[in-house]
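Because only heavy atoms are used, hydrogens play no part in the values below, and waters and symmetry mates are left out as well, while side chains stay in.
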Amino acid sequence: MTTSQAPFDLSVNALRPYLLRYAQLQLRDTCKAEDAVSEAIVAALSKPDAYGGKSELKTYLVGILKFKILDQYRANKNLVFEGDCAPDEQDRALATETFEPDGHFGAPVNSWPSPSDTLQSKQFFLVLDTCVEQLPPQLSRIFMMREWLELSSAEICKQLDISSTNLHVMLHRARMRLRVCLELRWFDKEPKGVT
């Protein structure tokens, strides 16, 4: 190992806990998550020159890990999904606070900064990551499969053995909870905790 590669190796290994948490959230199996993370790290370390520094190392590694997770999904067609479509207390409270009885939004949406400014902010993604982690596990998993792994609705339904209607209801709930969390933690002038 060259001395220039040593800091890269250490930086990659320092991100292992984050990558493992990400993989466990998706795969719900510690052994499969460990395998996916190990494969991603081996892929990154075997070609250190492939990382050109155009993005953060964490982003680069998550990109590799996405493909390893997709490989796990394809190899394990019998993944079990433990979730249901029944609304819980928080869903009902959120609907009451957010919508009028006729289905329209009760309060206007806060004005948000321009998307290009927000996308540039590293802090925004830290807050988004925190909000996704606070979602119920089944909502977080489905949201990440759809938005971060970019799986189609049909692929998600097939992988989790759920109906299209169930998927769309859960995606809607995840997005509503994320919206509330982001408004409270990022877009409000005085950030508050999420209950």
*Asks:* Output yes when a side-chain donor or acceptor of Tyr51 lies under 3.5 Å from a complementary backbone atom of Tyr60, and no otherwise.
*Replies:* no
*Asks:* To the nearest 0.5 Å, tell me how far Gln159 CD sits from Leu167 CG.
*Replies:* 12.5 Å
*Asks:* First locate atom CG of Leu151, then atom CD1 of Ile69, and finally report the distance between them rounded to the nearest 0.5 Å.
*Replies:* 10.0 Å
*Asks:* Going by heavy atoms in the side chains, are Asp49 and Phe8 under 4.5 Å from each other?
*Replies:* no
*Asks:* What's the shortest heavy-atom distance between Ala43 and Lys68, and which atoms?
*Replies:* CB-CE, 4.4 Å
*Asks:* Set out, in order, the CA-CA distance, both residues' side-chain angles and the distance that settles side-chain contact (heavy atoms from CB on, under 4.5 Å) for Tyr22 and Lys66, then state yes or no.
*Replies:* CA-CA 9 Å; Tyr22 181 93; Lys66 280 182 183 182; 3.9 Å; yes
*Asks:* Starting at CE of Met176, measure out to CZ of Arg179 and round the result to the nearest 0.5 Å.
*Replies:* 5.0 Å
*Asks:* Just do the side-chain contact (heavy atoms from CB on, under 4.5 Å) check on Gln24 and Glu34 with the steps written out, would you?
*Replies:* CA-CA 8 Å; Gln24 285 175 327; Glu34 282 281 354; 5.8 Å; no
*Asks:* Side chains of Met145 and Leu160: closer than 4.5 Å at any heavy-atom pair?
*Replies:* yes
*Asks:* Return the orientation label for the Phe143 and Trp148 ring planes: parallel under 30°, perpendicular over 60°, tilted otherwise.
*Replies:* perpendicular
*Asks:* Find the distance between CD1 (Ile142) and CZ (Arg173) and round it off to the nearest 0.5 Å.
*Replies:* 10.5 Å
*Asks:* Do you know the tightest heavy-atom contact between Glu150 and Glu147?
*Replies:* CG-O, 3.9 Å
*Asks:* Show your working on salt bridge (charged side-chain N to carboxylate O under 4.0 Å, His left out) between Lys32 and Asp71 and close with a plain yes or no.
*Replies:* CA-CA 11 Å; Lys32 289 177 182 161; Asp71 290 345; over 6 Å; no
*Asks:* With distance as the sole test, does Glu155 use its side chain to make a donor-acceptor pair with the main-chain N or O of Ser152 at under 3.5 Å?
*Replies:* yes
*Asks:* To the nearest 0.5 Å, what is the distance between CD1 (Ile41) and CD1 (Ile64)?
*Replies:* 9.5 Å
*Asks:* Within the distance-only criterion (no hydrogens, no angle test), does the side chain of Ser46 pair as donor or acceptor with the backbone N or O of Val42 below 3.5 angstrom?
*Replies:* yes
*Asks:* Which heavy atom of Gln134 sits nearest a heavy atom of Cys181, and at what distance?
*Replies:* OE1-SG, 4.0 Å
*Asks:* If you take all heavy atoms of Ser11 and Leu57, which pair is closest and at what distance?
*Replies:* CB-CD2, 3.4 Å
*Asks:* Hey, does Cys131 have a side-chain heavy atom less than 4.5 Å from the side chain of Leu135?
*Replies:* no
*Asks:* Counting C-beta onward and ignoring hydrogens, is there a side-chain heavy-atom pair between Arg175 and Arg146 closer than 4.5 Å?
*Replies:* yes
*Asks:* Going through the checks in order, is the side-chain contact (heavy atoms from CB on, under 4.5 Å) test met by Ser38 and Arg16?
*Replies:* CA-CA 9 Å; Ser38 294; Arg16 183 179 184 77; 3.3 Å; yes
*Asks:* Working note: Leu61 + Leu65, criterion side-chain contact (heavy atoms from CB on, under 4.5 Å); need CA distance, chi angles, decisive distance, verdict.
*Replies:* CA-CA 6 Å; Leu61 293 173; Leu65 182 58; over 6 Å; no
*Asks:* Using a 3.5 Å distance criterion without hydrogens, assess whether the side chain of Asn166 forms a donor-acceptor pair with backbone atoms of Ile162.
*Replies:* no
*Asks:* Determine whether a donor-acceptor pair (N or O, by modelled atom type, separation under 3.5 Å) exists between the side chain of His168 and the backbone of Ser164.
*Replies:* yes
*Asks:* First locate atom CG of Leu149, then atom CZ of Arg141, and finally report the distance between them rounded to the nearest 0.5 Å.
*Replies:* 10.0 Å
